[in-house]
Amino acid sequence: MRIDIDDKEKLFIMEPSFKLQIIKVIKECLKIENISNKIEISFSIVNRETIRKINKDFRGIDKVTDVLSFPLFETQQELKNSKNAQDTIILGDIILCLDVAKEQAIEYNHSLLREICFLVAHSCFHLLGYDHMTEIEEKIMCCKQDYVLNKLNITR
């Protein structure tokens, strides 16, 4: 597994252990989806202005958000079809706003590590073809996220 990290906010200098936890979350998401291929993900940590600009440019929403996911595959079927290939599977990009993650950790009364790992799991499942546009999709995605975080003992 390869994760190209662009830590513009220097999170891993302030909290070096977070990097290992994020990698564990991504590995566990892949494991429960039975993906054992070589995987590549781009992971960026940015500030409010950067994520607002990306959100505006790519989604037409001029608003700050906590995390953005840009999956390479549009459907789970496309991803499943590529799982048989021997080549590296490029899943896509995760862009996390550290400022918003800090605010949400305080708002939800849990640690910054827990908030970041939740956002990473959430985004990773988006890269794996999941969404939450319907109530059923949301339940499935939430169950998967909770399973990963609980298994890794990253709780509130």
Side-chain angles (χ1 to χ4, degrees), residues 1-35 39-76 79 91-156:
M1 178 176 74
R2 178 178 168 170
I3 303 174
D4 293 324
I5 296 175
D6 184 9
D7 183 5
K8 293 185 185 311
E9 296 302 297
K10 310 296 185 229
L11 172 66
F12 300 139
I13 292 171
M14 296 180 289
E15 299 286 352
S17 64
F18 281 29
K19 186 175 183 178
L20 178 60
Q21 292 296 336
I22 289 167
I23 291 168
K24 284 181 181 180
V25 168
I26 293 170
K27 282 184 177 181
E28 193 60 36
C29 291
L30 297 172
K31 183 178 175 183
I32 69 171
E33 291 300 307
N34 297 314
I35 297 177
I39 297 296
E40 187 172 325
I41 294 173
S42 171
F43 179 72
S44 300
I45 302 171
V46 300
N47 63 24
R48 297 175 74 80
E49 185 56 32
T50 301
I51 206 156
R52 186 201 60 77
K53 183 175 180 344
I54 294 167
N55 203 16
K56 180 180 180 186
D57 291 350
F58 289 93
R59 298 179 63 227
I61 301 171
D62 189 7
K63 182 177 161 188
V64 172
T65 190
D66 52 6
V67 70
L68 292 169
S69 308
F70 294 100
L72 185 64
F73 300 97
E74 289 189 31
T75 65
Q76 285 179 312
L79 177 59
L91 287 180
D93 304 322
I94 297 172
I95 303 169
L96 183 139
C97 180
L98 183 58
D99 299 325
V100 176
K102 286 178 180 178
E103 292 167 4
Q104 289 177 173
I106 293 167
E107 179 182 340
Y108 298 129
N109 197 30
H110 55 235
S111 70
L112 178 59
L113 176 64
R114 198 277 180 195
E115 183 63 23
I116 288 172
C117 288
F118 167 80
L119 295 172
V120 168
H122 182 85
S123 293
C124 198
F125 283 115
H126 275 307
L127 297 185
L128 293 167
Y130 290 91
D131 212 336
H132 44 83
M133 299 304 284
T134 68
E135 194 174 313
I136 292 171
E137 289 175 337
E138 185 173 8
K139 273 188 176 181
I140 291 168
M141 201 165 164
C142 285
C143 285
K144 288 180 177 289
Q145 293 163 184
D146 290 345
Y147 175 82
V148 167
L149 296 175
N150 289 331
K151 182 155 191 210
L152 297 173
N153 201 27
I154 304 170
T155 58
R156 290 187 166 160

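The distance from the SG atom of Cys97 to the NZ atom of Lys8 is 13.0 Å, given to the nearest 0.5 Å. How far CE of Met14 is from CG of Leu112: 8.0 Å, rounded to the nearest 0.5 Å. One finds the CD1 atom of Ile3 at 3.5 Å from the CD1 atom of Ile26 (value rounded to the nearest 0.5 Å). How far CG of Leu127 is from CD1 of Ile41: 5.5 Å, rounded to the nearest 0.5 Å. Separating the SG atom in Cys124 from the CG atom in Leu30 is a distance of 5.0 Å, to the nearest 0.5 Å. Once rounded to the nearest 0.5 Å, the distance linking OG1 of Thr65 with CG of Leu96 reads 10.0 Å.
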Discussion item. Side chain to side chain contact (heavy atoms under 4.5 Å, CB included), that's the test. Do His126 and Asp131 meet it? Break it down for me.
Written reply: CA-CA 6 Å; His126 275 307; Asp131 212 336; 3.3 Å; yes
Item to complete: With side chain to side chain contact (heavy atoms under 4.5 Å, CB included) as the test, would you mind laying out the steps for Phe70 and Ile54 before giving the verdict?
Response: CA-CA 11 Å; Phe70 294 100; Ile54 294 167; 3.9 Å; yes
Discussion item. Side chain to side chain contact (heavy atoms under 4.5 Å, CB included), that's the test. Do Phe12 and Ile45 meet it? Break it down for me.
Written reply: CA-CA 10 Å; Phe12 300 139; Ile45 302 171; 3.8 Å; yes
Item to complete: Show your working on side chain to side chain contact (heavy atoms under 4.5 Å, CB included) between Ile116 and Leu11 and close with a plain yes or no.
Response: CA-CA 11 Å; Ile116 288 172; Leu11 172 66; 3.6 Å; yes
Worksheet entry | Arg48 vs Glu103, salt bridge (Lys or Arg N to Asp or Glu O under 4.0 Å): CA-CA, chis, key distance, verdict | CA-CA 11 Å; Arg48 297 175 74 80; Glu103 292 167 4; 2.9 Å; yes
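Around CG of Asp62, the count of heavy atoms belonging to other residues, nucleotides or ligands within 6.0 Å exceeds 12. Within a 6.0 Å radius of CD in Glu135, other residues, nucleotides and ligands contribute 12 heavy atoms or fewer. Annotation for Leu20: atom CG counts as buried by contact number, over 12 foreign heavy atoms lying within 6.0 Å.
Annotation for Arg2 and Asp4: closest pair NE-OD1, 2.7 Å, computed over non-hydrogen atoms. Looking at every heavy atom in both residues, Phe73 comes nearest to Leu91 through CE1-CD2, 4.3 Å. Across all non-hydrogen atoms, the minimal contact from Leu119 to Ala101 is CD1-CB, 4.0 Å. Taking every heavy atom of both residues into account, Asp93 and Ser42 meet most closely at OD1-CB, 2.9 Å. Nearest heavy atom pair, residue Val64 against residue Ile51, reads CG1-CG2, 4.1 Å. The minimum heavy-atom distance between Met1 and Lys27, with the atom names listed, is CE-CG, 3.4 Å.
In this structure, a donor-acceptor pair under 3.5 Å is absent between the side chains of Gln145 and Tyr130.
Between Leu113 and Gln21 there is a side-chain heavy-atom pair separated by less than 4.5 Å. Side-chain contact between Phe125 and Val148 is present, with at least one heavy-atom pair separated by less than 4.5 Å. When side chains are defined from C-beta on, Glu115 does not count as touching Lys102, because their heavy atoms never get closer than 4.5 Å. Side-chain atoms of Lys151 and Lys31, non-hydrogen and from C-beta on, do get closer than 4.5 Å to each other. Side-chain contact between Asn150 and Thr155: present, with at least one pair of heavy atoms (C-beta onward) separated by less than 4.5 Å. At least one side-chain heavy atom of Leu128 sits under 4.5 Å from a side-chain heavy atom of Cys29.
Remark: side-chain polar atoms of Asn55 are paired, donor with acceptor, to backbone N or O of Lys63 under 3.5 angstrom.
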